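Here the structure is laid out as C-alpha cells; the discussion comes afterwards.
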Amino acid sequence: MSVLAIEAAGPGVTLQDGGRRSYLRFGITAAGPMDPLMFATANRALDKPLDATAIEISTGGVTVSASDGPLGLALVSVGFRATLDGEPLPPACALTLEPGRTLTVRAGSSGAWGYLAVAGTIDVPPVLGSTATHTRSALGGLGGRGLRAGDRLPVAQARVGEGAPQRLVAPWLDRDPAWIRVVLGPQDDYFAPDQIKAFLGRRWTVSPRGDRMACFLDGTPLAHARGHDIVSDGVAMGAIQVPGNGLPIILMADRQSTGGYPKIATVIGPDLGRLAQAQGGQELTFVAVSVAEAVTARRADAQALVGAVPREPVLRTDFPAEFLLGLNLVGGVTDGRDGAAKVA
Amino acid sequence: MSATPRILDAGEAALVVEFGTTVEPAISDRVLALDDALAGDPPAGLVETVPTYRSLMIHYDPLILDRDTLAGRVVALAEGAPARAAAPARWILPCCYDAPHGEDLAAVADLIGQGPEQVARIHSGATYRVYMYGFAPGFAYLGGLPEALAVARRPSPRPPHPTNAVMVGGGLAAVATVPMPTGWYVLGATPCRLYAPERSESFFVAPGDEIRFEAIAATAFATLAAREAAGERVARREEARR
C-alpha cells in the first residue's frame with residue numbers, strides 16, 4: 001500500500017471528510033471542512049466522491065512525501081505558496097508525487113485553509129461514521145489529533161496522475177471575503193431594528209484569534225434588546241451569535257451542536273468558505289438575503305462541481321513576483337510570510 | 001405554549017421548530033414527540049434532527065427538500081403527533097462537590113449569599129429532567145434546578161473545565177464530559193461517564209430521563225472513577241416515580 005508521509009505540519013493541519021452526521025443529537029460535533037467548496041473542488045479534481053477524506057491545511061503549512069510508490073494528488077490552496085522540491089507550483093494544481101520528492105505548502109498573503117486530496121483512499125478508520133477530525137473531543141482522523149511530522153497515511157487503491165503538474169482552473173474559488181451573505185435569524189428578534197441595521201451596515205474586522213470552532217469579529221459592539229441569555233437551541237454552521245460583550249462570533253465547522261446566546265443571523269452555506277478564508281485583520285460587511293436567494297447560490301456551487309475541473313499547463317507567470325524572488329533568495333523553500341511582508 | 005410551533009430559519013439548510021422559549025416538561029414532550037414522528041417517516045433530504053429544551057432543529061438539504069414543503073409537513077406533524085409513550089428512567093449519579101472538583105462552588109455561594117455547603121445541599125436535593133444533549137459529546141442539559149441556584153451565565157466564558165463537570169448557569173443544570181471553555185459555573189464532578197465512545201452503550205441517558213445527584217467525598221470519587229475507567233457503569237438506575 002502506498003503511503004503519504006507527513007514530513008512537517010504546523011498546528012491545525014487535520015484529516016477531514018464531509019463531516020460527521022447523525023450524532024449532533026448526542027452533542028457530537030459535525031467537524032468537516034472549513035471551506036466546503038474548496039474541499040469538494042480538491043476531491044472533484046481527482047474524480048472522487050466530494051466528501052472523501054482529504055488533508056485540510058492550515059496557515060501552519062505542511063510538507064509531504066510519497067513512499068512505497070508514487071501518488072496522484074490534487075492541491076487546492078488558493079492564496080498559499082506551494083513548491084515541489086523547491087520549484088514553484090500553482091496553489092491549485094494536480095500532480096504526481098514521486099517517492100523522494102517533497103511537496104511543501106505554506107501560508108501566503110491571503111487564504112486560511114487549503115486542501116490536499118489523494119488519488120486513492122486515505123485509509124483511516126471512521127469514528128461514529130466519519131473520518132473528520134475534531135481535536136477538542138479527540139474524535140476521528142488520526143487518533144483524534146492534528147497531523148504531525150512522522151505520521152504515515154496509508155493510501156488504498158492509489159493512482160497516479162499525468163506526468164507534469166497541471167494548474168487547476170476553478171474560477172468559482174475566486175471569492176472576495178469582504179462581503180458575506182446572511183439569512184437573518186433565528187433570534188433576530190432579540191435585537192432592535194436599529195441594531196439589525198447596525199449589524200448589516202458596519203464593517204467588522206476578523207480577529208486573528210479564530211480557529212476551526214469560531215470566527216471572532218472586532219468592531220463596535222451590538223446591543224441586545226432582551227438580554228444575551230436564551231434557552232439553548234440548535235446551532236447551524238455559520239450561526240452568528242452575539243454574547244454579552246456585543247461582538248459577533250460566527251460558529252464554524254467545529255462548533256457545538258447547540259448554544260445559549262442569541263443568533264442574529266446565519267451565514268449562508270455558499271459563503272462559509274469565503275468567510276473561513278479571511279485572515280485576521282480582514283474587514284467584511286454582511287448582506288442580508290432570503291432563503292430562496294441562498295438556495296440559488298447553493299445550486300450554482302453544486303453546478304460548478306458537476307463537471308471535471310479543467311486543467312492547464314503550468315506557466316511561470318502563474319506566480320507572483322515576490323514569491324519567485326523569495327525562492328531565488330533562499331534557493332528553495334520560503335516562508336510565505338516573508339513574501340507577504342515584502343508586499344507590505 | 002401555543003398549539004402551532006414557530007418555524008424559524010437558521011440559514012437555508014436548517015429550521016428551528018420552536019414550541020416555546022422556556023424550560024418545561026410539557027414543551028420538551030412536544031419536541032420529542034415531533035422528533036419521533038419525523039424519524040418514523042423522514043422526508044427525502046432530511047439530514048438530521050437535534051432535539052433541545054424547547055425546539056427541534058432540523059438540518060436539511062435545500063437542493064432536495066424545499067423549505068416551505070418541510071415547514072408545512074412539520075406543522076402538520078406537530079399538531080397531530082401523539083404524546084410520547086415510553087416511561088423515563090431515573091439515574092443516581094454520585095457527585096463530589098469538594099476540592100478540587102467544585103471549582104466554582106464558592107463563586108456561586110457568593111452570588112446567592114449562601115455557604116458552599118448549602119449550595120451543594122440544594123443541588124443534590126433536587127430531581128432533574130434530562131432535556132437534551134448538546135454543546136459537546138455527552139453534554140447533558142438538565143431541567144429542575146432549584147430557583148435558589150438560578151444564577152445567570154457568565155458574560156464571557158471561563159477556561160476549560162475538567163471532564164465530567166457538574167455545572168449550573170442561566171437557571172439550568174448540566175453534566176459535561178469533555179473539557180471545554182464554558183459560561184457555566186462548575187459545582188462538582190461525577191465519576192460517571194455519560195459519553196463513553198469505546199463502551200457498547202456510548203450514551204446511557206436518554207432525553208426525558210430523570211437524574212439525582214448523590215454527594216460523595218473525594219476519596220469515594222477516586223474509587224468510583226477508577227471503576228468507571230475500567231469499563232463499569234457506576235450510575236444506578238431506578239424507575240422514575242412520576
Side-chain angles (χ1 to χ4, degrees), chain A residues 21-30 127-128 134 136-139 144 182-189 213 227-239 243-245 255-261 263 265-270 272 289-299 302, chain B residues 6 8-16 18 20-23 35 47-59 61-63 66-68 131-141 152-157 160 169-172 174 177-180 183-184 194-195 197 202-203 207:
Chain A
R21 285 189 172 177
S22 308
Y23 292 94
L24 286 175
R25 58 172 46 248
F26 299 117
I28 302 291
T29 287
V127 178
L128 297 174
H134 184 234
R136 276 185 176 82
S137 53
L139 274 184
V182 300
V183 171
L184 289 176
Q187 277 96 33
D188 48 323
D189 59 346
M213 189 172 181
H228 64 261
D229 257 344
I230 64 165
V231 174
S232 286
D233 73 344
V235 172
M237 183 171 173
N245 69 6
R255 74 195 185 280
Q256 320 92 313
S257 55
T258 63
Y261 292 121
K263 295 168 282 292
T266 308
V267 176
I268 70 171
L272 289 171
V289 298
S290 66
V291 168
E293 287 168 315
V295 173
T296 299
R298 186 178 273 255
R299 192 165 281 122
Chain B
R6 287 176 82 198
L8 307 171
D9 291 295
E12 82 286 10
L15 287 183
V16 178
E18 187 180 271
T21 56
T22 54
V23 180
D35 192 35
V47 176
E48 62 183 298
T49 57
V50 187
T52 74
Y53 287 109
R54 41 53 170 253
S55 65
L56 186 70
M57 174 164 267
I58 304 174
H59 294 271
D61 181 345
L63 299 186
D66 171 68
R67 185 259 183 221
D68 291 341
Y131 280 95
M132 57 183 270
Y133 283 104
F135 187 68
F139 187 110
Y141 285 94
R153 283 196 189 89
R154 298 159 183 275
S156 58
L172 306 168
T177 47
V178 180
M180 294 281 260
W184 299 52
L194 271 61
Y195 161 61
S202 294
F203 305 88

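Please read these numbers as outputs of a predicted model, since none were measured by experiment.
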Need one label for B/Ser202: side chain, backbone, both or neither, based on atoms under 4.5 Å from any heavy atom in chain A.
neither
Students often mix this up, so state it plainly: with edges at 30° and 60°, are the rings of B/Phe203 and A/Phe26 parallel, tilted or perpendicular?
parallel
Tell me, out of B/Pro155, B/Gly169, B/Pro137, who's got the most heavy-atom pairs with chain A below 4.5 Å.
B/Pro137
Which atoms of A/Leu139 approach chain B - backbone, side chain, both or neither, heavy atom under 4.5 Å:
side chain
Using the rule given for side chain to side chain contact (heavy atoms under 4.5 Å, CB included), can you reason through B/Val50 versus A/Thr258, listing the C-alpha separation, both sets of side-chain angles and the distance that settles it, and then say yes or no?
CA-CA 8 Å; B/Val50 187; A/Thr258 63; 4.1 Å; yes
Honestly, the part of A/Ala239 sitting under 4.5 Å from a heavy atom of chain B is neither
Heavy-atom pairs under 4.5 Å with chain A are the metric here; pick the option from B/Ala136, B/Ala14, B/Gly170 that has the most.
B/Ala136
Does any backbone or side-chain atom of A/Val235 lie under 4.5 Å from a heavy atom of chain B? Answer side chain, backbone, both or neither.
backbone
In Å and rounded to the nearest 0.5 Å, what is the CZ to CG distance from A/Arg298 to B/Asp61?
6.5 Å
Is it the side chain or the backbone of B/Tyr131 that comes within 4.5 Å of chain A heavy atoms, both, or neither?
neither
Heavy atoms only, distances under 4.5 angstrom: which of A/Leu128, A/Val291, A/Val127, A/Val182 has the most pairs with chain B? Name it, please.
A/Val291
Audit row: A/Gln187, B/Thr21, side chain to side chain contact (heavy atoms under 4.5 Å, CB included) steps and yes/no
CA-CA 11 Å; A/Gln187 277 96 33; B/Thr21 56; over 6 Å; no
With a 4.5 Å cut-off on side-chain heavy atoms, are B/Thr49 and A/Arg25 touching?
yes
Return the option, out of A/Gly234, A/Ser22, A/Ser232, A/Ala138, with the maximum number of heavy-atom pairs under 4.5 Å with chain B.
A/Ser232
